[in-house]
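The structure presented is a predicted model; accordingly, all values stated were derived computationally and were not measured. Computed over heavy atoms, backbone and side chain alike; hydrogens, waters and symmetry mates excluded. Each chain gets a letter, A, B and so on, in the order the sequences are listed, and its residues count up from 1.
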Protein chains: 2
Amino acid sequence: MPKSLIYDVAQRAGVSIKTVSRVVNNEPNVRENTREKVLAVIKELNYRPNASARKLASQKSYLIALLYDDPSLYDNPSSNYVLNLQQGALRICKSETYDLLIHPCDYRDKNLNQEVSSLIHNSRVDGLLLAPPLSDQKSLIETIAATDTPFALISPGNKTLTPLSVFTNDREVSAEMTEYLAFLGHKKIAFIKGDPEHKALQERYSGFKDGMRNSGLKIEKNFVKNGDNSFGCGELFAKQLLSLKNPPTAIFCCNDDMANGVLRTAYKMGIKVPDSLSVAGFDDIPLAEQTNPSLTTIRQPVRSMTEHALEILMDKVKNRESKISPDDLLIKAKLVIRESTGKAPS
Amino acid sequence: MPKSLIYDVAQRAGVSIKTVSRVVNNEPNVRENTREKVLAVIKELNYRPNASARKLASQKSYLIALLYDDPSLYDNPSSNYVLNLQQGALRICKSETYDLLIHPCDYRDKNLNQEVSSLIHNSRVDGLLLAPPLSDQKSLIETIAATDTPFALISPGNKTLTPLSVFTNDREVSAEMTEYLAFLGHKKIAFIKGDPEHKALQERYSGFKDGMRNSGLKIEKNFVKNGDNSFGCGELFAKQLLSLKNPPTAIFCCNDDMANGVLRTAYKMGIKVPDSLSVAGFDDIPLAEQTNPSLTTIRQPVRSMTEHALEILMDKVKNRESKISPDDLLIKAKLVIRESTGKAPS
DNA sequence: TTGTAGGCGTTATCAG
DNA sequence: CTGATAACGCCTACAA
C-alpha cells in the first residue's frame, strides 16, 4: 500500500489538512463528530505522520538525550545502573512520543563540554537528562544552560543548579546502615568512599559519620579509604584493612562493586563472611543477591528516579504545569539485609 | 550567535546553496578551490545543517534501530551483553553520523511484530540490527523484510535468513571447553542448556556433544538440564545434580549467569569449587572474574560482532560496496581459564 | 469550529 | 563544475 499523506486523509475525510493535523496532535477545536471521522480515515489509510516534516515545521526534534558516564570506561561489572536509567527514560519517552538518544560520555574528558554542545546543536534535542556524576559537573551544566535547552539532573550534589532535579536520601540511609552495623555489635567499622566527583557519594560518607556519632562510635583514620567505585579498589583496600594488626570487623562500602571486591579479598584471605567480617554495600545491583555470601546493601530506585526526573523535564519541554509534587522528587532508599552482615565476632 | 542557514553560507561564500550542500555532503563535482572556501565559511559561521530538513528532503531518517531482548524482563544480573551491543552500535553510528534508537523488546510478546512494524513506520528507521534471540524469530524477520527496510542479524541460528549476519563458532568452542574438562580428568560432566529460542545456544549443546564424543565420554541423561539462562535455574539445577547419588564432577553451563547460580548452590551446599566440582560458563561477563572462585568461561567479543554487523548494514543502507570480508563475519570465541575448574577429584 | 496561505531548511532535478 | 527552482510533508499564523 502506498504511503498516505495528510492530504489524502483530508480529502478522503472531506476536511482540510489542518483539521487532520488537529486530530493527529490531539488539539482542541474539533467537533467530536469530525474527529471520529478523521480518525477512521487515518486508520483506513494507515496514515502515519512524517516525523521529519513535523519536526521541521514545528521546530522541534522530539528527541531527548540521556547523558551518563560510560560504564565501559571502568572496571564496572554490573552496568545495571545504566540500564535502569535507560528503562526509566524509555518508558516516559514512549508515553510522550519522544525518541531517546543515549549518550555515554567520559566525564573526565576535556572535550566533554564541546561534545555535548555539538550534540545539542547537531541533534537539536529538546531536552537533556543528566545522570551522576555528570549531574555534578558544573561547567558542563553551565554549557548546557547557555544553550537554553531544558535539562534535568539526577541526584546532583549541588541542589541549586537547576530546579529540575531529583534527589536521594543518601546521607540518612547511610547513617541508618551504620547504625545497623553498630547494633550488631560492631565497633571497628571501616568505610570505603566512592568517586569524589560524585557528590551524592560524599553524602554517604557524611551519613556514615552521622551514624557513627549517633552510635557513640569513633572513626579510626586508617579505616577510611578513598575508593573509586571499582571492584578492584574494593579488593585492594580490603587487603589493606584486613592486614592491619587490629582490623575492622565490618566494612561499609559506597557501592556494591567495591563491596564485592571486599568479598573477593576476604574469600582469598580465608576470612569468613559474616562470621569474622561483615560487609555492606550500596545500590543493590542484581548481583548483590547472587554473591557468596549475598550482600547486605541499600536499594536505590534508580528507575523511578529517572522517570520522575524525565517527567518534570517533559513538563518543562512541553511548557505545561507539572503534576509531580516536590515530595516525589526526594526518592528514598532502603536497607536490604542479606547474608554478608552478622553479629560482631566476640 | 544567530543560527546560520545554508543560504547564509552560500551568500557569504559567493556560491549557490547547492554547492554548499555538495560540500556538506561530501559529494563530488566541486572544485577543490571552492570546496575549501565553503568549508571556511561554514566554520566561520558555525553552520550546522538542520537534521529535520535534511531528513525531510532526502527521505531518510539517519536513524538505526537496535533491537534486543529486554534484560529487565529476566533474572539477569549483568546486563553487560546489552551494553556491549550498544557500545558497538554507537561507535559505528557515530562514525557514519547516524543516530541510534535503542529498542528493548520482549521476544515472547504476541504484539512484537506489530510493535516493530510501527517502529519502522513511525520512526522510519533506515536500518535495523537484531540481537539474539530476536535474530531467531522467523516471523519477526519476515515482518521486517516485508517493509523493505535493510536489517542485519547477530548470530542467527538460521544462516539463510539474510546475507547480512555475523556468526559465532559456538559449537566448536563448546566442544573445546568440553574436551578441556575431559582433559582435566572429568568423566561425569553435566550440561545446562540455555534458552531454546536462541539457536546459537543450541549450538553450544551440539558442541558439548561433539566434545564428549571426541573425548570418548558418554553423556548421561540425568546430567543434561533445560535451563533458561537465568541465575535462578543455575541454582536449581545444581541442587538437583549435586543431590544425585552419583553426581557429576563438572558442570558446563550455557552462560555465565547459570554458572554463577551453580557456584552459589555449591557454596550453600558446602561443596568446594574446584576441588570437588568444576564449573564452566559461557560469555565471560565482567562478573566472571569477580566471583568466588572466579569463573572459567568462554569469551565472546560481542562488541566487535556488533560493529561488524552494523558495518555491513550501513553498507547496505548507503548502498555501497562492503569492505568487510566474509572472514570477519565469523567471530571466534575463546576459552578463558580461571579458578572454577580443576582436576577431577580422584 | 474550520480552512487557506506561507514557510520550515534541506536535497533533487536539470539546465547551463 | 555550478546554480535556479521545485519538491519534501507538515505546522503556524491568520482569516473565515
Does atom CZ of B:Arg12 have more than 12 heavy-atom neighbours, drawn from other residues, nucleotides or ligands, at distances under 6.0 Å? no

To the nearest angstrom, the CD-C1' distance between A:Glu27 and D:dC14 comes to 15 Å

Look at B:Glu197 together with B:Arg108 and state whether they make a salt bridge at an N to O cut-off of under 4.0 Å. no

Heavy atoms only, 4.0 Å cut-off, all strands: where does A:Leu56 land among base, sugar-phosphate and nothing? base

Here the distance between atom C1' of D:dC10 and atom CD1 of A:Ile42, to the nearest Å, is 13 Å

Starting from C1' on D:dC11, measure out to CG on A:Asn25 and report it in whole angstrom. 8 Å

Spacing of A:Lys60 atom NZ relative to D:dT12 atom C1', expressed in whole Å: 11 Å

Choose from D:dC10, C:dC8, C:dT10 the nucleotide whose nearest atom is closest to any side-chain atom of B:Leu5. C:dT10

Is any side-chain nitrogen or oxygen of A:Ser21 closer than 4.0 Å to OP1 or OP2 of D:dC10? no

Using every non-hydrogen atom in the two residues, find where B:Ser4 and B:Leu45 come nearest and quote the distance to one decimal. OG-O, 3.0 Å

Between B:Glu96 and B:Lys60, does any side-chain N to carboxylate O distance fall below 4.0 Å? no

Side chain to side chain donor-acceptor pair (under 3.5 Å) partners for B:Thr97, two or more places apart: none

Return the value, rounded to whole Å, for the distance between atom CZ of A:Arg54 and atom C1' of C:dG9. 18 Å

Could you tell me how far apart A:Asn50 (CG) and C:dT11 (P) are, to the nearest whole angstrom? 15 Å

When you check the phosphate oxygens OP1 and OP2 of C:dC8, does a side-chain N or O of B:Tyr7 lie under 4.0 Å from one of them? no

Under 4.0 angstrom between B:Tyr62 side-chain N/O and C:dT11 OP1 or OP2: no

At under 4.0 Å between heavy atoms, what does A:Arg124 touch on the DNA or RNA strands: base, sugar-phosphate, or nothing? nothing

Could you list, one pair per line, each protein nitrogen or oxygen that sits under 3.5 Å from a nitrogen or oxygen of nucleotides 1-3 of chain D, together with the distance?
{"from": "D:dC1", "atom 1": "OP2", "to": "B:Asn29", "atom 2": "OD1", "distance (Å)": "3.4"}
{"from": "D:dT2", "atom 1": "OP2", "to": "B:Arg31", "atom 2": "N", "distance (Å)": "2.8"}
{"from": "D:dT2", "atom 1": "OP2", "to": "B:Thr34", "atom 2": "OG1", "distance (Å)": "3.4"}
{"from": "D:dG3", "atom 1": "OP2", "to": "B:Ser16", "atom 2": "N", "distance (Å)": "2.9"}
{"from": "D:dG3", "atom 1": "OP2", "to": "B:Ser16", "atom 2": "OG", "distance (Å)": "3.4"}
{"from": "D:dG3", "atom 1": "OP2", "to": "B:Thr19", "atom 2": "OG1", "distance (Å)": "2.7"}
{"from": "D:dG3", "atom 1": "N7", "to": "B:Arg22", "atom 2": "NH2", "distance (Å)": "2.9"}

Without decimals, in angstroms, what is the distance between B:Gln11 CD and D:dA4 P? 12 Å

Please report the shortest heavy-atom distance between A:Ser155 and A:Pro132, naming the atom on each side. OG-CG, 3.6 Å

From NZ of B:Lys55 across to P of C:dA12 the rounded distance in Å is 15 Å

Looking at D:dG9, I'd like to know if its phosphate oxygens (OP1 or OP2) sit under 4.0 Å from a side-chain N or O belonging to B:Gln59. yes

Please report the interatomic distance CZ(A:Phe167) to CG(A:Leu153), rounded to the nearest 0.5 Å. 8.0 Å

